[in-house]
Every structure is written in C-alpha cells, then in structure tokens.
Amino acid sequence: MVLGNQSTIMEFTLLGLSADPHIQVMLFVLFLDIYLLTTMGNLMMMGVIMTDYHLHTPMYFFLSHLSFVDLCLTSVTVPKMLENLLSQKKSVSVEGCLTQAFFVFFIAGTEVVVLSAMAYDRYIAICYPLLYGQLMSKQLCEGLVWVSWVLGFLDALINTLMAWNLDFCEAVLPHFSCEVPSLFSLSCSDISTNFTVLVCSAIIHASGTLLLIVFSYVHIASTILSISSTSGRSKAFSTCSSHLAAVSFFYGSAFLRYFMPTLSSPLELIFSIQYSVITPLVNPLVYSLKNKEIKVALKRMLQKGLQQLRKQRIGRG
C-alpha cells in the first residue's frame, strides 16, 4: 500500500463514533451491554431450539442458523469497536482491516440467503401445507444452509481480493469497523472496477434473494387473504410477522450501506450500526416475544433448570 513513492501505509486509524473521551466511555458501556445481550439472546435461541424436540422443524432449523449468523456478525465488529473505544491508539493493520472487511461481507452475505430460505419455508408451509413435510426435507434445509455459506464466502472473497490490490493514500478511516465500501475513499487507485463489481455482486446476490422473498410473500399474502376465517388469517400471518421484521431491519440498512458506498460518514455509521449491531440484538427479541412456541419452549427449559437445581440442593443436603 504505497503513499506516493516514499512511504507505505501499514495500518489504518479508526476514528470510531466520537473523539470525546467521556462519550467514548458511555459508548463503551452501551455497546458492551448490547453485545452481552445479543450474545445471550442468540445463544438462548440456539439452545432452546436444539434442546426442545418440539422445535425440530424446518422453520426453527433456519431460525437457529439465523441466530448463529447474527452472533458471528456482531462478534466480527463489536469487540474491535469496544477495544478502540478504550485505547488511545485506535489502529488496525491493513491486513487486519481487510480480513475484518472480508468476514463482515461474508457473514452479511450468508444472512441474506438464510432470510430468503426462511421466506421460502413460510411459502411452502402456508401455500402447500399438505406437502410441507415432503418438500421441506431435512436434506433440502441443510443444502440451503450450505448454499448460503458458500455464496456468502465467494461473494466476499471476490470483493476483498480486489480491495487487497488497491493502493491506499489515506490512513484515517472515519468508521468504527472495516467494510469494503469504506476502503474505497482511502485508495489512490482507480476504484471504478471495484465499485462496479461491488454493485453487481450486491444486485445479483442481495437483490436475487430479495426477489425470492418478495415472490414468497406475494403468494403468502394471496393465500392468507383467501382464508375465510379471521382467526385462520391471523394465525397464518403471525408465523410470518417476525420474519418480515427481521428482513426489514437487515435489508433496509445493509442495502443502503452497500448499494450507496459514497454516503456521508454519519449515514454510513448509522446503517452499519443498524445491520451489524442492532439487528442481531433485535432478531432474538422479536422471535421470542412474538412466537408462542418459543415462549413455551423457554418456559419448559426454565422449569427443567429449576428442577435440576432443586435436585442438586436436595442431594447436597
């Protein structure tokens, strides 16, 4: 990464969210709390689905993977943010920055495919309920999850390798984490090819999965409206509302972040925080608060835990 003909940029300085030390301390406490809640919420969701056999269905299989992906996404960005909020030297090596950018792109790309697979699952469940068990087989569900990881990996690899070949003229990154679009403004190389590839990959990958979601919900809406009973329509819609909320939170911010990489820094920060920090926190809350089966499974898990504690106390006594 050459600066002019004399010096080489070996690391970037992450400006983060604020330069005020007092605000940095408050932000550290805030994002530490968010990270701990996000970790506990997603681990709880994964644990409940894995241990309760009532939830061993395709819908909850995808939900457990969504929780895992959310946990990975927030763990790629937040710990480094927390470190920089407390340290005076807010730097990251060029290689480390590109590595973080790769994993952010990789995991975000995986999440959009998982969300589209969840939409397809709801489409089959509502539009073809009698064929649901046959169409949504264990092999298909596992295959869709593998496809999501492979597509996310390939998309991230292409864009990150192209960014790796850029020459960087600026060392100050006005962001709290490294993302591929943010690196463009630091480069003195021609980024037109990188930008074109980024937009094309976003159109093919993200828009393709979004079209599948829209297709699924158009047919779902048509089927729900054809149901005569109000209770039946309400029950059918309730199985989709949590997923629609997750799609809206993630796609809305991630699309704006990657389709419009020349946004001003404040908007970049807002969109990045929403899809990489807030969405992983909100998803388990939305699903646990709106889903009766999750609530019942949580209650069963807590009851089992209390029973085991009582048995241990009796044994010690």
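Remember, predicted model here, so these are calculated numbers, not experimental data.
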Please tabulate, for the side chains in residues 20-39, all donor-acceptor contacts under 3.5 angstrom to protein atoms that are two or more places apart in sequence or on a different chain.
| from | atom 1 | to | atom 2 | distance (Å) |
| --- | --- | --- | --- | --- |
| D20 | OD1 | H22 | N | 2.9 |
| Q24 | OE1 | K90 | NZ | 3.4 |
| Q24 | NE2 | S18 | O | 2.7 |
| Y35 | OH | S75 | OG | 3.0 |
| T38 | OG1 | I34 | O | 2.7 |
| T39 | OG1 | Y35 | O | 2.8 |

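- Within the 4.5 Å cutoff, side-chain heavy atoms of W149 are placed close to those of V69.
- In this structure the side chain of I126 never reaches within 4.5 angstrom of the side chain of H219, judged on heavy atoms.
- Here the straight-line distance linking atom CG of D155 with atom OG of S201 works out to 4.0 Å at 0.5 Å rounding.
- Partners of H56 under the side chain to side chain donor-acceptor pair (under 3.5 Å) rule, at least two apart in sequence or in another chain, do not exist in this structure.
- The OG atom of S185 lies 6.5 Å from the CG atom of L173; values are rounded to the nearest 0.5 Å.
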For residues 130-145, run the donor-acceptor check on the side chains, cut-off 3.5 Å, and write out each pair with its distance to 0.1 Å, sequence neighbours left out.
| from | atom 1 | to | atom 2 | distance (Å) |
| --- | --- | --- | --- | --- |
| Y132 | OH | D121 | OD1 | 2.5 |
| S137 | OG | L140 | N | 3.2 |

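- Counting only heavy atoms from C-beta outward, the side chains of V218 and F215 never approach each other to under 4.5 Å.
- Here I158 is tied into one hydrophobic group with M162, V197, each link being a pair of ILVMFWY side chains closer than 4.5 Å.
- Screening residues 14-78 for disulfide (SG to SG under 2.5 Å), with sequence neighbours left out, gives no hits.
- Qualifying salt bridge (Lys or Arg N to Asp or Glu O under 4.0 Å) partners for K89, counting only residues two or more places apart in sequence or in other chains: E11.
- In this structure, the separation between CG on L166 and SG on C188 is 9.0 Å, given to the nearest 0.5 Å.
- Shown here for I213 and S116, the closest heavy-atom pair between the two residues is CG1-CA, 3.6 Å.
- Two residues are said to be in side-chain contact when any heavy atoms from C-beta on lie closer than 4.5 Å; S187 and L183 fail this criterion.
- In the hydrophobic cluster analysis, where Ile, Leu, Val, Met, Phe, Trp and Tyr join through side-chain heavy atoms closer than 4.5 angstrom, F61 is grouped together with V147.
- Closest of all the heavy-atom pairs between E293 and L55 is CB-CD2, 4.0 Å.
- Neither V296 nor M45 shares a network with the other; the hydrophobic side chains, linked directly or stepwise wherever heavy atoms of I, L, V, M, F, W or Y lie under 4.5 Å apart, form separate groups for each.
- Closest approach of S91 to K80, counting heavy atoms only: O-NZ, 3.3 Å.
- L198 has its side chain within reach of F184: a pair of non-hydrogen atoms, C-beta onward, lies under 4.5 Å apart.
- Under the 4.5 Å side-chain contact rule for hydrophobic residues, L157 and V76 share a cluster.
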Begin from the C-alpha positions of F12 and V94 and carry the test side chain to side chain contact (heavy atoms under 4.5 Å, CB included) through to its verdict.
CA-CA 6 Å; F12 296 126; V94 173; 4.0 Å; yes
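- With sequence neighbours excluded, the residues satisfying ring-ring contact (aromatic ring centres under 6.0 Å, His included) with Y217 are H243.
- Using a distance-only test at 3.5 Å, with no hydrogens or angles considered, no donor-acceptor pair links the side chain of S272 to the main chain of L269.
- Take N283 and apply the side chain to side chain donor-acceptor pair (under 3.5 Å) test, not counting sequence neighbours, and it matches D70.
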Decide yes or no on side chain to side chain contact (heavy atoms under 4.5 Å, CB included) for L66 and F250, but give the supporting numbers first.
CA-CA 12 Å; L66 178 65; F250 187 81; over 6 Å; no
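- Partners of Y123 by side chain to side chain donor-acceptor pair (under 3.5 Å), not counting sequence neighbours: none found.
- Looking only at side-chain heavy atoms (C-beta outward), T209 and L115 stay at 4.5 Å or farther from each other.
- Here CG of L151 is found 13.0 Å from CH2 of W146. Values are rounded to the nearest 0.5 Å.
- In plain terms, the two heavy atoms of S276 and F176 that are nearest each other are OG-CZ, 4.3 Å.
- Side chain to side chain, E111 and Y275 fail the donor-acceptor criterion of an N or O pair below 3.5 Å.
- L15 and L86 fall into different hydrophobic clusters, where Ile, Leu, Val, Met, Phe, Trp and Tyr are joined by side-chain heavy atoms under 4.5 Å apart, directly or via other members.
- The list of disulfide (SG to SG under 2.5 Å) pairs with a residue in residues 78-138, not counting sequence neighbours, reads C97-C178.
- Side chains of F102 and L98 form no contact here, defined as non-hydrogen atoms less than 4.5 Å apart.
- Under the ring-ring contact (aromatic ring centres under 6.0 Å, His included) criterion, F62 pairs with no residue at all, not counting sequence neighbours.
- The CG atom of L17 sits 6.5 Å away from atom CG of L85, with the distance rounded to the nearest 0.5 Å.
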Side chain to side chain contact (heavy atoms under 4.5 Å, CB included) between Q100 and S177: does it pass, once the steps are laid out?
CA-CA 8 Å; Q100 185 184 47; S177 68; 3.8 Å; yes
Could you go through the side chain to side chain contact (heavy atoms under 4.5 Å, CB included) check for T77 and E179 one step at a time?
CA-CA 10 Å; T77 56; E179 298 179 14; 5.7 Å; no
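- Under the side chain to side chain donor-acceptor pair (under 3.5 Å) criterion, H65 pairs with no residue, sequence neighbours left out.
- Closest heavy-atom contact between T160 and A156: OG1-O, 2.7 Å.
- Between the OG atom of S87 and the CG atom of L82 there is a distance of 10.5 Å, given to the nearest 0.5 Å.
- M59 and L212 fall into different hydrophobic clusters, where Ile, Leu, Val, Met, Phe, Trp and Tyr are joined by side-chain heavy atoms under 4.5 Å apart, directly or via other members.
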